[in-house]
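Some notes on the structure that comes next.
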Amino acid sequence: MSLYPTFETLSIIDGVVQNLEYHQARFENTMRSFFKKTSDIQLVALIKVPEEYRVGQIRCRIDYNHEAFEVKYFPYTPKEIRTFQCVYVEGLDYRFKYSDRQCLEKLKTEAADEVIIINNGFVSDCTIGNLLFLKQNQWYSPTHFLLKGTQLSYLLAQNQVCLTEISVADLSSFEKVMMINALNPFDEKRAISVKQIRL
């Protein structure tokens, strides 16, 4: 097992950490549920943004175990997603933000920009975030997500998104699909037609 089996990825814009309370909540849940520990560590206390990273959007990665942390900063360039390919798996477990992502990486394909993971017959996530689907001016996200992302948690709290069970057969009933994660918040300009999903 890695020295740091779990991690958090945070977006920092012009030196300001985004959605920090949701990252803090997920971190505390991971400590309780995965490490069986309680922690009074505040992630904000670990983040010391270097001067050269205080302009624009920066990706901050915090790798951690039950007692130690490693914080790194990277320039960030969003990944443009114009096509999706469905991939089918059974029993995939990524309920915590594991540093070992081999189970996700091996699902990637050159046939599309990103995959839609069909886990046990139901739509879940893609390899880099949660998915949103538009139908009649309402955005939905799959009940069977692999990992509840911080951006999804935020949108649910704001009542901007509803959770619903989505099968492969349901995909054609939606109009658009959008990937969201900590670094890619809700933005309808990034949504694409579900016709760009290859089953």
Side-chain angles (χ1 to χ4, degrees), residues 1-11 19 23 26 30 34 57-64 70 72-134 139-153 155 161 163 165-172 174-199:
M1 179 181 287
S2 167
L3 174 61
Y4 301 111
T6 52
F7 74 106
E8 281 291 319
T9 299
L10 303 90
S11 174
N19 283 343
H23 288 283
R26 186 167 63 186
T30 300
F34 182 74
Q57 185 176 28
I58 298 299
R59 178 168 66 94
C60 172
R61 175 169 170 141
I62 304 176
D63 290 273
Y64 65 97
E70 183 176 68
K72 296 179 180 177
Y73 304 90
F74 307 89
Y76 181 68
T77 301
K79 175 183 178 181
E80 185 176 11
I81 299 175
R82 306 310 304 169
T83 56
F84 284 97
Q85 172 73 56
C86 289
V87 294
Y88 299 80
V89 297
E90 296 289 331
L92 181 58
D93 175 13
Y94 194 76
R95 77 189 91 169
F96 301 105
K97 201 165 176 64
Y98 301 119
S99 299
D100 183 352
R101 290 173 44 86
Q102 290 185 48
C103 63
L104 300 178
E105 293 297 323
K106 70 181 182 181
L107 299 177
K108 292 183 176 181
T109 173
E110 294 183 2
D113 297 323
E114 184 51 70
V115 299
I116 292 178
I117 301 168
I118 312 299
N119 192 29
N120 302 326
F122 292 98
V123 175
S124 59
D125 294 334
C126 65
T127 65
I128 58 172
N130 296 123
L131 296 169
L132 303 182
F133 296 89
L134 178 67
W139 286 95
Y140 297 90
S141 194
T143 304
H144 297 275
F145 52 77
L146 295 174
L147 176 72
K148 191 175 185 181
T150 55
Q151 185 62 212
L152 177 58
S153 294
L155 292 171
V161 170
L163 292 180
E165 191 171 82
I166 303 175
S167 68
V168 175
D170 295 327
L171 287 174
S172 62
F174 293 95
E175 300 150 24
K176 294 183 177 182
V177 56
M178 182 197 310
M179 181 280 295
I180 56 168
N181 61 23
L183 290 140
N184 293 269
F186 184 91
D187 181 353
E188 293 203 40
K189 293 193 295 291
R190 293 193 300 100
I192 64 171
S193 169
V194 294
K195 293 179 180 178
Q196 300 304 313
I197 300 175
R198 299 167 184 169
L199 302 180

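Here the structure is a predicted model, which means the values were calculated and not measured.
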Hey, could you give me the [atom1]/[atom2] distance between [X] and [Y], rounded to the nearest 0.5 Å?
X	Y	atom1	atom2	result
Lys97	Ile62	NZ	CD1	12.0 Å
Leu107	Ile116	CG	CD1	13.0 Å
Leu147	Leu152	CG	CG	9.5 Å
Asn19	Ser153	CG	OG	9.0 Å
Leu171	Ile197	CG	CD1	5.0 Å
Ser11	His23	OG	NE2	7.5 Å

Check your understanding: Is a side-chain donor or acceptor of Thr83 paired with a backbone partner of Ala112 at a separation under 3.5 angstrom?
Key -> no

Point to revise | Side-chain donor or acceptor of Thr6 paired with backbone N/O of Tyr64 under 3.5 Å | key: yes

Exercise for review: Compare all side-chain heavy atoms of Ile128 with those of Asn184 and state whether any distance is below 4.5 angstrom.
Suggested key: no

Check your understanding: Heavy-atom distance under 4.5 Å between the side chains of Ile166 and Leu131, does that happen here?
Key -> no

Can you list the residues that meet the salt bridge (charged side-chain N to carboxylate O under 4.0 Å, His left out) rule with [X], with sequence neighbours excluded?
X	answer
Lys106	none
Lys108	Glu105
Glu70	Lys72

Of all heavy-atom pairs between [X] and [Y], which one has the smallest distance, and what is that distance?
X	Y	answer
Val177	Ser193	CG1-O, 4.3 Å
Gly129	Asn181	CA-CB, 4.1 Å
Asp113	Arg82	OD2-N, 2.8 Å
Glu90	Gly121	OE2-N, 4.4 Å

Apply ring pair (Phe, Tyr, Trp, His ring centres under 6.0 Å) to [X] and list each qualifying residue two or more places apart in sequence or on a separate chain.
X	value
Tyr88	none
Tyr73	none
Phe84	none
Tyr94	Tyr98

Check your understanding: Passes side-chain contact (heavy atoms from CB on, under 4.5 Å), Ile118 versus Val89? Steps please.
Key -> CA-CA 6 Å; Ile118 312 299; Val89 297; over 6 Å; no

Exercise for review: Evaluate side-chain contact (heavy atoms from CB on, under 4.5 Å) for Phe122 paired with Thr143, printing each intermediate quantity in order.
Suggested key: CA-CA 9 Å; Phe122 292 98; Thr143 304; over 6 Å; no

Practice item. List the steps, then state whether side-chain contact (heavy atoms from CB on, under 4.5 Å) holds for Val123 with Asp170. Key: CA-CA 9 Å; Val123 175; Asp170 295 327; over 6 Å; no

Review point. Can you name the residues that form a side-chain hydrogen bond (donor to acceptor under 3.5 Å, both in side chains) with Thr127, not counting sequence neighbours?
Key: Glu114

Practice item. Mind checking side-chain hydrogen bond (donor to acceptor under 3.5 Å, both in side chains) for Gln196 and listing every partner two or more places apart, or none if nothing turns up? Key: none

Check your understanding: What do you reckon, is NZ of Lys195 surrounded by more than 12 foreign heavy atoms closer than 6.0 Å?
Key -> no

Review point. Would one find more than 12 heavy atoms of other residues, nucleotides or ligands at under 6.0 Å from atom CZ of Arg101?
Key: yes

Review point. What is the ring orientation for Phe133 with Phe174, classed by angle as parallel under 30°, tilted 30 to 60°, or perpendicular over 60°?
Key: tilted

**Study point:** Trp139 and Phe186 aromatic ring geometry - parallel, tilted or perpendicular at 30°/60° bounds
**Key:** perpendicular

Practice item. Quick one: which residue pairs count as a salt bridge (Lys or Arg N to Asp or Glu O under 4.0 Å) with a foot in residues 176-194, not counting sequence neighbours? Key: Asp187-Lys189

Review point. Partners of Ser99 by side chain to side chain contact (heavy atoms under 4.5 Å, CB included), sequence neighbours excluded?
Key: Phe7, Arg61, Asp63

Check your understanding: Which pairs with one or both residues in residues 116-126 pass side-chain hydrogen bond (donor to acceptor under 3.5 Å, both in side chains), sequence neighbours excluded?
Key -> Asp125-Asn130

